[in-house]
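Presented below is the structure to which this report refers.
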Amino acid sequence: MIDQLTERLSDAAPLPSAPLPYASIRQKGRRRRRRRLAAKSLLLLAAIALPVGLVRAFPPTSEVAFQPTVQEAVGLFELPAIGEAAANEVGGDIPSRARLALEKEGVRHYVWTDASGVFCMAVVMAQNSSTNCMSLPGTEMRYSSQAGGWSARIVPDGYTRAALADGREVDIVNNILAYATTPDPPPGGPETSTPAQAEPVLQGPAGELQLLDDVSQISEAMFAVLESAVKTPLETPRGRLRPLTNQLTTVPLPGLDSQSRGVVVDQGPRGSFLLVPASPSEGRLCLVWVSPSQDDGSYSCQTQELTLYWPLLTSITWLSEAGIGWAAAVPDGWKEVVLADGETIPVQQNLIVIDDLTDAPSTALLRHEDGSTVAFAIAAADPVTPDPRGELTESPALDPATYSVLDQPVTDDPRFDRYRADPTHPEVNLSVPRLASDQEGTVAFVTPSVAADDGICVVVINDGSVRNDACFGRAEDASEPLADLSVSDEFTVAVVPDGWTRAELPMGSVVDITGNVLIMPTEIIRQGSGFVEGPAGRLPFDLTAVLD
Amino acid sequence: MDESELEAFCRREYPRLVGALSLYIGDQAVAEEIAQDTLARICADWPSVRTKRSSGAWTHRVAMNLAKSHLRRGRIGARVTAQAVARQPHAHHDPDSADRLSVRQALVALSERQRAVIVCRYYLQMSVTETATAVRVPEGTVKSDTSRALAQLRAQLDFVDDSEGVQP
């Protein structure tokens, strides 16, 4: 029967009605990648603008063929985020985007990056937890409890074991080096209360690396370009720029103003790049990009003490017609970048620029004059369909979509009663409406769907009449807020995941997204394109084709 | 990026995607749309996808996810299923169409999950493990769904007794 069934299924399955329109598929794929990368720019920045991001350092003499994969370079952040439920369960300040990097001897280690791209780690023991954020891998995070002391550090990629000063050897898992600082006495041996005097030596494919107790021992990176060129006043758009960790608003550069002086290290059609010593006393250096039209710009700053682990001192990205641009400042001595596809980009004036990351390989090799190389990630992994369950799954690059409006109490707003008396959508759960928004006479209610799936329904009432009601499937992640729409003559409605707070519509119209509901006048969005934005990112949209 | 490799992959997988999705969804036009959407996603992620152990299995998994999303969102589900059931054999003229339609109708009569399992197991010829991954259910569920679905198909479709044991 099985053979017959296979044969009959093959026979019953139709062939495509036309050849694959490959060119249009490819173009759609490029657009999709660009859109997703744009949405993920914040996350991307966490991966590439980190002061020390997950570096895989190779010995200077290593001349092995460079065949990195995405998985190799992104390290710890390949792990799936724990999600909202787990974060709530753990409690404390652990965000849903945290990764459970290591569970060892009853101690859990959660890692994430904060809004500035700084590593944070929470060490959670049975009864207690401790959270710390650190800008430098290798910085020790000690934790003491009655049960004993514990040390945990985030270390770069490329190291698999650590030799402690007390002779112990500890495996490094997911970039985490963790061990009890009061080791158990050996069986039959004398009791000891001496904490491990451990400034471990890391070992692995990257070679050996002695961690330092005092970060001040790390030498400062030198930038010859700052010495050789004439410094010019920093001219920024209205004296304000977008920090990379906040794409939505422009803010003054911390420690910088229009009086700051920097070095224009590159200037051309793609804009201007400046290196600006932001806070000389702290050794901070900023890389600033200003668009060709002078109306946009972004910057990123780091201290100059980080080069032991991470020669890309500071990096920035920007969006332009050419795609997603990327640039990084590197100290003296580093001469070129070799992308995984073989393309070589020279370091000029301490600056590396990639005009468009969209189709660029995800990893690259930075080569020093002395022959040493460091591999680094220039883009986060971009899984197709995040799914934490399957073995084929790679970690989702974005947090799963959540809809906090459903956590709000059920409303007894009388305006829903009329709909309840005469519902027009069979999936709306009439017993548990939440008030999503109430603006200028238009009120929106959200309910879970009564269908077997986990859909969400929205009912929009204006002037006492139902103007739109629809049920939507939940988004797979937060990257596509407008994946599903309900269009009526008056209002086009979308249920968007958390993280999107506002939409700029054509003709200068701006609407807030509250209660996970975006309500847009249909006539206005017929006029052209707009943006939807929030902490999750900023995405352009054009719904004219959908509406037509 | 090796463009020719990507193009060859897309052209190779497209017919199988369309076939599998048509059997699962019951509508060829929608199946072609989802297959193309799947391949657009694969194009977008090709540097990552091409390194996977089985790019093909990954692609079909994405396709099944998209198809399930479409069905779940009710854009096509009930309406298309009803249309597929309502189609009459006499609308087609080639001699094999009656059997094709009866196979499709028998598939439509299965539950959504059973249909996905049958398509993966016996059209795409995936293993139980691969099917479990593609459909996102435990392997035990794949086996039980397969068993029930085969029993239902056996009741609806004529099979020549080849004395072959059924091993879900």
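Fair warning: this is a prediction, and the values are worked out from it, not measured in the lab. Heavy atoms only: backbone and side chains are in, while hydrogens, waters and symmetry mates are out.
Just one of B/E7, B/R41, B/Q36 meets the side-chain contact (heavy atoms from CB on, under 4.5 Å) condition when paired with A/I25; it is B/Q36.
Of the possible donor and acceptor atoms, none in the side chain of B/R100 sits under 3.5 Å from a partner among the backbone N and O of A/A13. Using a distance-only test at 3.5 Å, with no hydrogens or angles considered, a donor-acceptor pair links the side chain of B/R11 to the main chain of A/L20.
By the 4.5 Å heavy-atom criterion applied to side chains, A/Y22 and B/L6 are counted as neighbours. Side-chain contact between A/L5 and B/L153 is present, with heavy atoms from C-beta onward closer than 4.5 Å.
Rounded to the nearest 0.5 angstrom, B/C10 SG and A/R26 CZ are separated by 8.0 Å. Atom CZ of residue B/R121 and atom OG1 of residue A/T6 lie 9.0 Å apart, to the nearest 0.5 angstrom. For the atom pair OG (B/S22) and CG (A/L9), the distance works out to 12.0 Å, reported to the nearest 0.5 Å. One finds the CZ atom of B/R154 at 11.0 Å from the CD atom of A/Q4 (value rounded to the nearest 0.5 Å).
Applying the side chain to side chain contact (heavy atoms under 4.5 Å, CB included) test to A/S10 and every residue at least two apart in sequence or in another chain returns B/Y123. For B/F9, the ring-ring contact (aromatic ring centres under 6.0 Å, His included) test picks out B/W46, with sequence neighbours left out.
Smallest separation of non-hydrogen atoms from A/P16 and B/V18: CG-CG2, 3.9 Å.
Within 6.0 Å of CD on B/Q156 lie more than 12 heavy atoms contributed by other residues, nucleotides or ligands.
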- Query: Does the pair B/Y14 and A/L15 meet the rule for a side chain to side chain contact (heavy atoms under 4.5 Å, CB included), with working shown?
  - Reply: CA-CA 9 Å; B/Y14 184 56; A/L15 291 171; over 6 Å; no
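Checking B/Q28 against A/S17 by side-chain atom types alone, no donor-acceptor pair falls below 3.5 Å.
Neither the backbone nor the side chain of B/L17 has a heavy atom closer than 4.5 Å to any heavy atom of chain A. The contact between B/L23 and chain A is made entirely by side chain atoms (from C-beta outward), counting heavy-atom distances below 4.5 Å.
For the set B/E32, B/R16, B/Q125, the count of heavy-atom pairs under 4.5 angstrom toward chain A peaks at B/E32.
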